[in-house]
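Read through the structure below, which is laid out as structure tokens, and then see the notes.
Bear in mind the structure is a predicted one, so any value in this text is a computation, not a measurement. Residues take their numbers from the sequence shown, with the count starting at 1.
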Amino acid sequence: MKLTVVKASRALNPSRLPGLDYALNPYRGCSHACVYCYSSDVLRMDNWQNWGNFVEVRKNMPVLLAKQKKKMSGIVGLGTVTDPYQQAEEKHKITRYCLEQLAMSKISTCVQTKSDLIVRDIDILQRMKNVEVIFTINTMDMIIASMIEPGAPSPQRRVEALRQVSEAGIKTCVFLGPVIPQINDSSDSLKKVVQQVKDTGAGRLMYDRLRLKPQLEKRLRMLFGEEAGQIFRLAEDKDWYEKIGFEVEVLCDGVGLVVERAFG
């Protein structure tokens, strides 16, 4: 993986995601290399075939945040187009330094990750006035996870990290998404995720479908070949998504877990 240290011009940027006022992304690119990730499309990164093999480290982000936060209020989404706890964070600690700045402000924060590295920063998260940590867990199958999220920590490690963060008194949520047709959409797959989550102390679960983008589709075609066509068709099928939503909601209701559909 190629790491490049760069200087950002801003730390906080307006967010179009519902429930978030600002986006904060300490890195550009992501070593988790999830094949379903829309970030390369959003960031207009042309080298889609090597997604996950190049990451920019925004070294000055905490300094910029220290200046910008004085004029800001609302909710910051930390990691909207990159995982703030990807591999580079272990060495560079940009996310940790940003959390320290946010902990000294009145800004609310929502952190989304697939990494158990976040456990390292529980001490800061506990000091923050209003923070929620969202763990993406869309399968408990190691084979599927290694295929669609090759650089990310295993689902089992995420579940354990979710438990630790919850037990530390920090608000937590699980993002079961994307649900990909014929890959992680079986009743058994959905049930295993909900069963693993129910005893961790997570406050709620959100679910979402696969949202197609041009570069994302190219990566899926490389991985699944002719099967990709059927995946794309079902991903756009409202009846398929209604069925998935019904199953997830029934499963969550059965274990007393608050559930909602992401993005309405």
Side-chain angles (χ1 to χ4, degrees), residues 30-39 51-52 78-79 82-90 95 110-122 125 132-168 170-211 216 219-220 223-224 231 235 244-245 247-252 254-255 257-262:
C30 185
S31 58
H32 288 170
C34 302
V35 296
Y36 55 73
C37 186
Y38 58 80
S39 295
W51 175 246
L78 179 51
T82 186
D83 196 307
Y85 286 98
Q86 60 178 287
Q87 184 179 337
E89 172 62 17
E90 189 167 4
T95 296
C110 179
V111 185
Q112 185 161 357
T113 185
K114 292 186 179 78
S115 177
D116 55 341
L117 179 58
I118 194 172
V119 172
R120 179 200 65 188
D121 294 342
I122 284 178
L125 293 167
E132 181 178 40
V133 175
I134 301 177
F135 283 89
T136 298
I137 304 173
N138 52 33
T139 181
M140 293 306 302
D141 188 307
M142 278 294 299
I143 295 176
I144 292 176
S146 62
M147 178 173 59
I148 64 176
E149 306 167 335
S154 70
Q156 287 77 11
R157 285 168 58 184
R158 287 177 237 172
V159 168
E160 180 54 33
L162 169 63
R163 188 189 316 278
Q164 291 183 52
V165 174
S166 296
E167 289 177 351
I170 298 158
K171 185 179 179 181
T172 55
C173 173
V174 168
F175 183 73
L176 199 174
V179 179
I180 306 174
Q182 300 182 324
I183 305 301
N184 63 340
D185 65 334
S186 71
S187 298
D188 183 58
S189 178
L190 299 173
K191 183 177 181 180
K192 285 179 179 178
V193 172
V194 173
Q195 286 179 330
Q196 285 292 312
V197 168
K198 72 181 180 71
D199 294 325
T200 62
R204 62 192 177 111
L205 180 146
M206 295 188 295
Y207 64 92
D208 193 28
R209 62 179 174 82
L210 176 69
R211 296 178 181 272
L216 180 160
R219 288 196 300 272
L220 289 175
L223 181 62
F224 296 115
I231 290 173
I244 294 300
E247 286 196 52
V248 173
E249 290 174 20
V250 168
L251 287 168
C252 289
V255 297
L257 188 61
V258 175
V259 61
E260 62 187 83
R261 181 174 295 192

(request) Using distance alone, with no hydrogens and no angle criterion, decide if Ser166 and Thr172 have a side-chain donor and acceptor under 3.5 Å apart. (result) yes
Heavy atoms, side chains only, cut-off 4.5 Å: are [X] and [Y] in contact?
| X | Y | answer |
| --- | --- | --- |
| Gln195 | Val255 | no |
| Tyr38 | Arg211 | no |
| Ile183 | Thr139 | no |
| Thr113 | Phe135 | yes |
| Pro178 | Asp208 | no |
| Leu210 | Leu220 | yes |
| Asn184 | Asp141 | no |
| Glu89 | Leu117 | yes |

How many angstroms lie between [atom1] in [X] and [atom2] in [Y], if you round to the nearest 0.5 Å?
| X | Y | atom1 | atom2 | answer |
| --- | --- | --- | --- | --- |
| Ile231 | Leu223 | CD1 | CG | 8.0 Å |
| Cys252 | Glu247 | SG | CD | 11.5 Å |
| Lys114 | Thr136 | NZ | OG1 | 4.5 Å |
| Tyr207 | Glu249 | OH | CD | 3.5 Å |
| Arg209 | Arg261 | CZ | CZ | 9.5 Å |
| Ile244 | Ser187 | CD1 | OG | 7.5 Å |

Does the [X] side chain pair with the main chain of [Y], one donor and one acceptor, at a distance under 3.5 Å?
| X | Y | value |
| --- | --- | --- |
| Ser189 | Asp185 | no |
| Thr95 | Pro84 | yes |
| Arg219 | Val35 | yes |

For [X] against [Y], the heavy-atom pair lying closest together:
| X | Y | answer |
| --- | --- | --- |
| Thr82 | Cys30 | OG1-CB, 3.9 Å |
| Ser115 | His32 | CB-CE1, 4.3 Å |
| Met206 | Ala262 | CB-CB, 4.4 Å |
| Ile134 | Cys110 | CD1-SG, 3.4 Å |
| Gln164 | Val119 | OE1-CG1, 3.3 Å |
| Cys173 | Leu162 | O-CD1, 4.5 Å |

(request) Report the C-alpha separation of Val193 and Val248 in whole Å, then their side-chain angles, then the decisive distance to 0.1 Å, and conclude whether the side chain to side chain contact (heavy atoms under 4.5 Å, CB included) test is met. (result) CA-CA 10 Å; Val193 172; Val248 173; over 6 Å; no
(message) So for atom CD, which belongs to Glu260, do other residues, nucleotides or ligands contribute more than 12 heavy atoms lying within a distance under 6.0 Å?
(response) yes
(request) Flag the pair Glu160 and Arg163 as a salt bridge only when some basic side-chain nitrogen lies within less than 4.0 angstrom of an acidic carboxylate oxygen. (result) yes
Show me the side-chain donor-acceptor pairs of residues 144-151 shorter than 3.5 Å, one per line, residues at least two apart or across chains.
residue: Ser146; atom: OG; partner: Met142; partner atom: O; Å: 3.1
residue: Ser146; atom: OG; partner: Ile143; partner atom: O; Å: 2.9
residue: Glu149; atom: OE1; partner: Arg158; partner atom: NH1; Å: 3.4
residue: Glu149; atom: OE1; partner: Arg158; partner atom: NH2; Å: 2.6
residue: Glu149; atom: OE2; partner: Tyr36; partner atom: OH; Å: 2.5
residue: Glu149; atom: OE2; partner: Asn138; partner atom: ND2; Å: 3.1

